[in-house]
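What follows is a set of notes on a single structure, which appears directly below.
The analysis underlying the following values was restricted to heavy atoms, covering all of them including side chains, and did not include hydrogens, waters or symmetry mates. None of the values given here were measured: they were computed from a predicted structure.
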Amino acid sequence: MDMPVSLWCTEVEETELLCTPGTTAPSGGHGGSVKAAFDPTMSGHRVIQSLLHLEERYLPSMLYISLIQRDPERREELAKWSLEVCSESGCDEAVFPLSVSLLDRFLSASLSLPVSPYCLAAACILIASKLSECDNLTADTLCAAAEYSFQPSNLREMERVVLATLRWDTAAVTPQDFLPHILSHMVEHDEELAATLRRHSDTLAAMCVCDSRFLGAMPSLVAAASLNCALRGLCNKDPHQLTGVLAELCHTDPVVLEAYSDMIEHVLQQRLRTAQPGALQKGDEVEDERAGTPTDMREIDL
């Protein structure tokens, strides 16, 4: 007998955890899952090529990009709030960039903010969390993060609006999708260096997601430029050679990649100055010294 199936989001705000005697339920509803380790056999040129083929499909429209870059404050405010929620909730690193991608694509299609912009941002986080994590964020957690400026019922309705607008095509390509695959080509047999480069690159890529100046850049270019900046500070190889290898992997011009890498470093210096007034000032010049360790996300005023 065929059963009717609905794709609408009908989860309840709170679920009862049924535990066997002697076991303890995970607290908070967002900490009991175990993430699978990166599988090197699932990497390589084939995966990068597939991502490169798909990434342009998920870019916002040029009209939206031009409008946002004229007045970026509100979009960056929502992106920063999304980052804070994802960080405080311990979300996977893939959740934040995916949620902002959904936000940009929705606004690109509608070209207007809803009555409750934070409800829209929360709906995008909820969708991204469902796609990227086994133990996703709950509606009540997101409402609490917004100080209950909207109710769970409003959030679920907004989630449906976003899904309908995007026609359920939500698995967008983000810079974080490229990073492990590109990194596996750049660093071999040094797990400690690879882990450090990944943390540094994730931080820089998240900064680019928040900054509207990078809106419209290909995710592969943002990932390659972020990794290029990290490699400049942490590797002793010729920077021009590294840039050439990254550009070849991502099918981009080395000059363009170099320009974006310089732009990321410039934005990083600006935001570090904002976070630590006077710490990085040296007349009117920007220090050319490269950081020997990755910048912590909390040190950057995103």
Side-chain angles (χ1 to χ4, degrees), residues 6-14 30 57-89 91-92 94-133 136-176 206-217 219 302:
S6 172
L7 293 178
W8 290 123
C9 319
T10 57
E11 76 277 3
V12 296
E13 294 88 29
E14 298 180 3
H30 192 65
R57 169 181 175 178
Y58 296 102
L59 291 178
S61 70
M62 290 304 300
L63 175 59
Y64 170 75
I65 293 169
S66 63
L67 291 174
I68 289 297
Q69 289 181 342
R70 290 178 195 170
D71 186 20
E73 286 79 12
R74 198 59 192 275
R75 186 260 183 191
E76 291 185 4
E77 179 185 336
L78 293 175
K80 290 177 185 179
W81 182 81
S82 299
L83 178 60
E84 291 174 4
V85 172
C86 292
S87 298
E88 292 174 2
S89 303
C91 293
D92 185 87
V95 174
F96 167 66
L98 180 55
S99 68
V100 177
S101 175
L102 296 172
L103 175 70
D104 285 328
R105 290 173 58 212
F106 175 83
L107 294 177
S108 178
S110 62
L111 291 179
S112 63
L113 279 171
V115 175
S116 177
Y118 287 97
C119 185
L120 170 60
C124 293
I125 295 172
L126 183 58
I127 296 169
S129 178
K130 289 180 178 180
L131 283 170
S132 305
E133 303 179 297
N136 62 273
L137 291 175
T138 64
D140 192 63
T141 298
L142 291 166
C143 290
E147 299 180 348
Y148 292 98
S149 60
F150 51 84
Q151 298 302 312
S153 58
N154 305 127
L155 178 57
R156 289 195 299 273
E157 183 59 33
M158 180 60 74
E159 183 184 13
R160 292 169 182 156
V161 172
V162 172
L163 290 170
T165 302
L166 301 182
R167 300 185 179 183
W168 291 81
D169 188 7
T170 53
V173 177
T174 69
Q176 272 72 7
M207 181 187 71
C208 294
V209 170
C210 284
D211 198 305
S212 295
R213 283 172 284 189
F214 296 93
L215 185 61
L302 293 175

Which value, rounded to the nearest 0.5 Å, describes the distance between [X] atom [atom1] and [Y] atom [atom2]?
X: Ile125; Y: Lys130; atom1: CD1; atom2: NZ; result: 13.0 Å
X: Cys124; Y: Arg105; atom1: SG; atom2: CZ; result: 10.0 Å
X: Ile68; Y: Arg74; atom1: CD1; atom2: CZ; result: 11.0 Å
X: Leu113; Y: Cys119; atom1: CG; atom2: SG; result: 12.0 Å
X: Gln69; Y: Tyr64; atom1: CD; atom2: OH; result: 10.0 Å
X: Leu120; Y: Leu107; atom1: CG; atom2: CG; result: 5.5 Å

Q. What do the steps show when you test Ser108 against Leu111 for side-chain contact (heavy atoms from CB on, under 4.5 Å), and what is the final call?
A. CA-CA 5 Å; Ser108 178; Leu111 291 179; 5.6 Å; no

For salt bridge (Lys or Arg N to Asp or Glu O under 4.0 Å), just list the numbers for Glu77 and Lys80, CA-CA rounded to whole Å, side-chain angles, deciding distance to a tenth of an Å, and then say yes or no. CA-CA 5 Å; Glu77 179 185 336; Lys80 290 177 185 179; over 6 Å; no

Quick check: closest heavy atoms across [X] and [Y], and the distance to 0.1 Å?
X: Thr165; Y: Ala109; result: CG2-CB, 3.7 Å
X: Pro60; Y: Leu215; result: CG-CD1, 4.1 Å
X: Ser116; Y: Phe150; result: OG-CD2, 3.8 Å
X: Leu98; Y: Ala172; result: CD1-N, 3.7 Å
X: Val95; Y: Cys86; result: CG1-SG, 3.9 Å
X: Arg75; Y: Val209; result: NH1-O, 3.0 Å

Whether [X] side chain and [Y] backbone form a donor-acceptor pair below 3.5 Å:
X: Ser87; Y: Leu83; answer: yes
X: Ser129; Y: Leu137; answer: yes
X: Ser89; Y: Cys91; answer: no
X: Ser66; Y: Leu63; answer: yes

Pair Arg213 + Asp211, salt bridge at N-O below 4.0 Å: yes

Apply salt bridge (Lys or Arg N to Asp or Glu O under 4.0 Å) to the pair Arg156 and Glu159, showing each step before the final yes or no. CA-CA 5 Å; Arg156 289 195 299 273; Glu159 183 184 13; over 6 Å; no

What do the steps show when you test Cys210 against Phe96 for side-chain contact (heavy atoms from CB on, under 4.5 Å), and what is the final call?
-> CA-CA 10 Å; Cys210 284; Phe96 167 66; 3.6 Å; yes

Q.
Quick one, Val161 and Phe106 - any side-chain contact, counting heavy atoms below 4.5 Å?
A. yes

Quick one, Asn154 with Glu157, criterion side-chain contact (heavy atoms from CB on, under 4.5 Å). Give me CA distance, side-chain angles, the key distance, then yes/no.
CA-CA 5 Å; Asn154 305 127; Glu157 183 59 33; 5.7 Å; no

- Message: Does Asp140 form a side-chain contact (heavy atoms from CB on, under 4.5 Å) with Tyr148? I'd like the steps, not just the answer.
- Response: CA-CA 9 Å; Asp140 192 63; Tyr148 292 98; 3.5 Å; yes

Option among Leu142, Leu78, Val85 that satisfies the side-chain contact (heavy atoms from CB on, under 4.5 Å) test with Tyr118
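Single pass found, and it is Leu78.
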
